[in-house]
**Q** 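I'd like to ask some things about the structure below.
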Amino acid sequence: MQRILIRLFTMLITLFGVAVVVFIVIRIAPGDPIAMMLPPGATDEDVARLRALYGLDKSLLEQFFVWFGGIIQGDFGTSISLRQDVLGLVLNRLPATLELSLFALLIALSIGGPLAIWGARERGTSIEAGIDIANGAALSIPDFLWGLVLILTFGVLIPVFGISGRVSPRLDLPFVSQFYLFESFFRLRFDLTKDLLSHMFMPALALALPLAAIISQLLKQSLKEVMDLDYVVLARVKGFSETQVILREALKNAALPTLTLIGVQFTFLIGGTVIIERLFSYEGIGNMAIDAVINRDLPLIQGIVLVFALLFVLVNLAVDMTYTLLNPRLRNA
Amino acid sequence: MTPCLTITNLSATLPGGARVLRDVSLDVNPGEVRALVGESGAGKSMIGKAILGVLPSSVRQVSGEIFLDGQDLGALSASKRRILVGANVALIPQDPLTALNPSRRIGSQMTDQLIKILGWNSAKAYTRIRQLLDEVQIRDRERVLRSYPHELSGGMRQRVLIATAFAAEPKLIVADEPTTALDVTVQKQILRLIATMQRQHATAILFVTHDLGVVAKISQQVTVLYGGMIIEQAGVSDLFADPQHAYTRALLRATPRYNDPDARVEPVQPDVLAGLQNELAANDHAWEKHLG
Ligand SMILES: Nc1ncnc2c1ncn2[C@@H]1O[C@H](COP(=O)(O)OP(=O)(O)OP(=O)(O)O)[C@@H](O)[C@H]1O
Ligand SMILES: [Mg+2]
């Protein structure tokens with residue numbers, strides 16, 4: 001109980017720190033949101049009026065407390081460029097990014113996991129060497145370059161997947177939530193699920209490949225260390241095959257040390273959605289973040305950054321909880 | 001009577017070509033305990049691993065055959081061998097702290113072979129291991145079955161591992177220094193327990209130890225090893241009464257005697273060691289000739 005309270009408290013401190021830093025940084029950065037809003041030839045009075053309207057004429061400290069006070073009451077301010085409630089905008093876009101990130105994580109796990117197991121089973125052979133080379137290649141290319149490669153091959157050369165947007169525009173969408181993928185699934189509209197997945201597949205794959213390589217490498221290493229332990233040898237002696245031994249005895253204990261690192265890498269993946277969503281014109285929060293920066297939309301940038309920070313903190317919490325769940329020693333404590 | 005285990009001319013090498021086992025031949029008859037004695041690095045565990053098919057990846061068996069109940073293991077496919085050895089040979093490991101999976105409950109680790117490999121149903125498997133937990137004198141067996149390894153003491157874990165080893169009624173058990181990692185007070189209890197279980201189940205045991213005192217208590221046959229080479233094998237009373245090899249005599253002198261604790265304990269003399277080195281060199285020479 002105490003551990004959970006401490007945990008929550010550190011989470012809040014982290015979020016507050018992020019709020020302060022982002023607030024200051026975007027105000028130091030060059031560019032004036034008001035100048036970008038007004039048509040050329042606007043008078044100085046127009047500028048001043050708008051400044052006052054968005055509270056930008058006050059001192060930095062005052063601005064911060066106005067903004068922060070609002071957040072505590074659930075008011076994240078109003079977007080300057082879109083002239084809408086920031087919270088509403090962000091919540092509207094967040095599900096698309098969550099679905100993309102989780103789908104990417106799923107792809108990364110389902111590529112990296114089996115490769116790690118295969119490599120551990122074939123340790124010391126040329127198969128393992130091949131897996132190492134593939135991992136190295138996947139890692140040395142960043143996600144947005146994978147995105148470009150995928151667009152060129154499967155979007156342009158052999159167009160099998162959608163490369164733009166979240167869903168085909170011709171379809172009439174029955175959705176009430178923004179979690180299109182989940183909703184299409186529960187509504188049994190598998191035609192829509194298929195369309196959504198076909199649009200998500202390439203951006204998700206681009207995000208997933210570097211993470212898949214990391215998972216495959218770390219988990220394989222960790223498995224190989226576990227494979228020589230006495231209880232694994234004992235399982236072999238009992239007559240279990242190498243694959244059974246890995247799945248039954250080694251995997252869970254080998255996954256524990258990799259889990260934390262995968263959690264950190266997953267937050268990097270979420271960060272990667274900003275560029276990938278732009279590249280694939282995917283209507284998520286990352287894509288909106290780039291527009292917000294271009295327009296110097298301070299309230300919106302702040303809101304988005306806070307949401308990303310919250311996601312990172314939650315991912316770490318989830319990792320911790322899984323860790324405790326998988327480890328009987330911690331669970332009983 | 002076919003021996004339960006026969007090893008003939010078994011040699012195994014490290015990557016450089018150095019041999020960790022040199023022409024090892026030995027038998028274990030059904031229901032009999034054969035002790036494998038020797039100093040650290042003599043290759044005792046390596047023989048056990050070769051039988052069980054879990055040699056380290058760097059070690060290669062380069063000659064010799066292993067027969068289980070007359071069946072040549074080398075003639076079997078890897079998976080057939082794994083199943084056959086799994087069903088007929090069990091292992092009591094040295095260190096009970098590392099030989100149990102920290103994230104699985106004891107009950108599941110004790111029954112997995114019976115259920116997953118031998119195809120027993122779960123009720124039958126649990127009945128069987130409850131009976132064995134009684135035999136190894138674990139009183140609160142229901143709690144033990146639900147426990148994770150870290151919740152049990154070293155002695156308890158070794159009892160669990162002994163019970164597991166006997167569960168499938170194997171013909172042969174390889175016990176690799178099963179008491180070395182335990183508290184001195186627990187060592188004797190565990191040794192007595194293994195001896196009792198062995199008699200009741202009439203299971204043959206290849207008992208690895210470096211302690212001749214233990215040999216006298218538990219085994220009928222002894223094999224003395226040095227540097228991967230068999231120095232001497234004999235029945236236990238013959239070996240103690242009339243050791244043939246200078247090294248065996250030296251080992252006997254180096255062992256504290258329980259009935260005579262004041263007797264002098266001598267280390268192995270340099271001339272005996274020099275003699276052993278000569279024998280190893282001659283053995284190497286013969287091996288190189290054999291390789292051509
Ligand atoms: N995994 C391994 N890879 C390479 N060589 C090994 C490995 N394990 C053991 N050896 C070597 O093989 C030889 C025999 O080792 P083994 O473990 O059989 O000795 P032992 O008689 O069981 O000794 P101990 O009483 O210390 O357990 C030793 O020289 C050892 O260094
Ligand atoms: Mg050993």
Side-chain angles (χ1 to χ4, degrees), chain A residues 117-129 219-260 319-333, chain B residues 45 48-49 51-58 78-106 108-119 146-151 157 160-161 164-165 167-168 170 173-174 176 181:
Chain A
I117 292 171
W118 194 31
R121 212 188 63 174
E122 307 292 335
R123 59 195 175 284
T125 68
S126 52
I127 291 179
E128 194 201 353
L219 186 61
K220 175 161 73 69
Q221 202 48 46
S222 186
L223 276 172
K224 279 167 67 182
E225 280 161 26
V226 176
M227 289 309 282
D228 289 327
L229 296 184
D230 287 355
Y231 62 82
V232 179
V233 174
L234 192 61
R236 266 190 221 118
V237 168
K238 286 174 176 172
F240 286 101
S241 72
E242 202 62 14
T243 312
Q244 283 174 316
V245 164
I246 293 179
L247 295 178
R248 295 173 50 85
E249 306 285 342
L251 192 56
K252 197 167 153 191
N253 296 315
L256 277 177
T258 21
L259 194 63
T260 327
V319 167
D320 270 19
M321 277 166 28
T322 322
Y323 200 92
T324 321
L325 216 66
L326 284 178
N327 193 336
R329 254 172 269 207
L330 291 180
R331 189 168 49 207
N332 292 358
Chain B
S45 299
K49 286 176 183 161
I51 299 164
L52 295 164
V54 290
L55 282 174
S57 51
S58 54
S79 66
K80 281 230 178 71
R81 173 177 176 156
R82 197 184 71 227
I83 306 277
L84 183 82
V85 172
N88 291 294
V89 189
L91 169 69
I92 302 177
Q94 172 165 356
D95 187 354
L97 298 186
T98 55
L100 288 164
N101 187 332
S103 63
R104 292 178 53 210
R105 290 178 199 277
I106 299 292
S108 136
Q109 300 194 52
M110 291 188 76
T111 50
D112 58 1
Q113 183 190 28
L114 301 179
I115 296 170
K116 294 273 159 32
I117 303 289
L118 303 177
R146 278 193 311 273
S147 300
Y148 287 97
H150 71 272
E151 296 165 332
R157 287 190 227 188
V160 162
L161 287 162
T164 314
I173 290 180
V174 176
D176 192 348

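All values below come from the heavy atoms of this structure, side chains included, with hydrogens, waters and symmetry mates left out. Order of the sequence lines sets the chain letters (A, B, ...), proteins ahead of strands, with each chain counted from 1.
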**Q** Which atoms of B:Leu91 come close to chain A, meaning under 4.5 Å heavy atom to heavy atom: side chain ones, backbone ones, both, or neither?
**A** both

**Q** What part of A:Arg248 gets within 4.5 angstrom of chain B, counting heavy atoms only: side chain, backbone, both, or neither?
**A** both

**Q** Under the side chain to side chain donor-acceptor pair (under 3.5 Å) rule, what pairs show up with a residue in residues 78-95 of chain B, not counting sequence neighbours?
**A** B:Asn88-B:Lys171

**Q** Taking only residues two or more places apart in sequence, or in another chain, which ones meet A:Gln244 in a side chain to side chain donor-acceptor pair (under 3.5 Å)?
**A** A:Ser241

**Q** Could you tell me which of B:Asn101, B:Ile83, B:Leu100, B:Val174 has the largest number of non-hydrogen atom pairs under 4.5 Å with chain A?
**A** B:Asn101

**Q** For B:Val89, is it the side chain, the backbone, both or neither that has a heavy atom under 4.5 Å from a heavy atom of chain A?
**A** backbone

**Q** Heavy-atom pairs under 4.5 Å with chain A: which of B:Gly53, B:Ala78, B:Ser57, B:Pro102 has the most?
**A** B:Pro102

**Q** Pull out the residues in residues 228-238 of chain A that come under 4.5 Å of chain B, heavy atom to heavy atom, sorted by number.
**A** A:Asp230, A:Tyr231, A:Val233, A:Leu234, A:Arg236, A:Val237, A:Lys238

**Q** Please identify each residue that fulfils side chain to side chain donor-acceptor pair (under 3.5 Å) with A:Arg121, with sequence neighbours left out.
**A** A:Thr243

**Q** So what's closer than 4.5 Å to chain A heavy atoms on B:Thr164: side chain, backbone, both or neither?
**A** side chain

**Q** Looking only at heavy atoms and a cut-off of under 4.5 Å, which of B:Leu118, B:Asp112, B:Val85, B:Leu84 has the most pairs with chain A?
**A** B:Asp112

**Q** Can you see which heavy atom on A:Asn253 is nearest to which on B:Ser103, and at what distance?
**A** OD1-OG, 2.9 Å

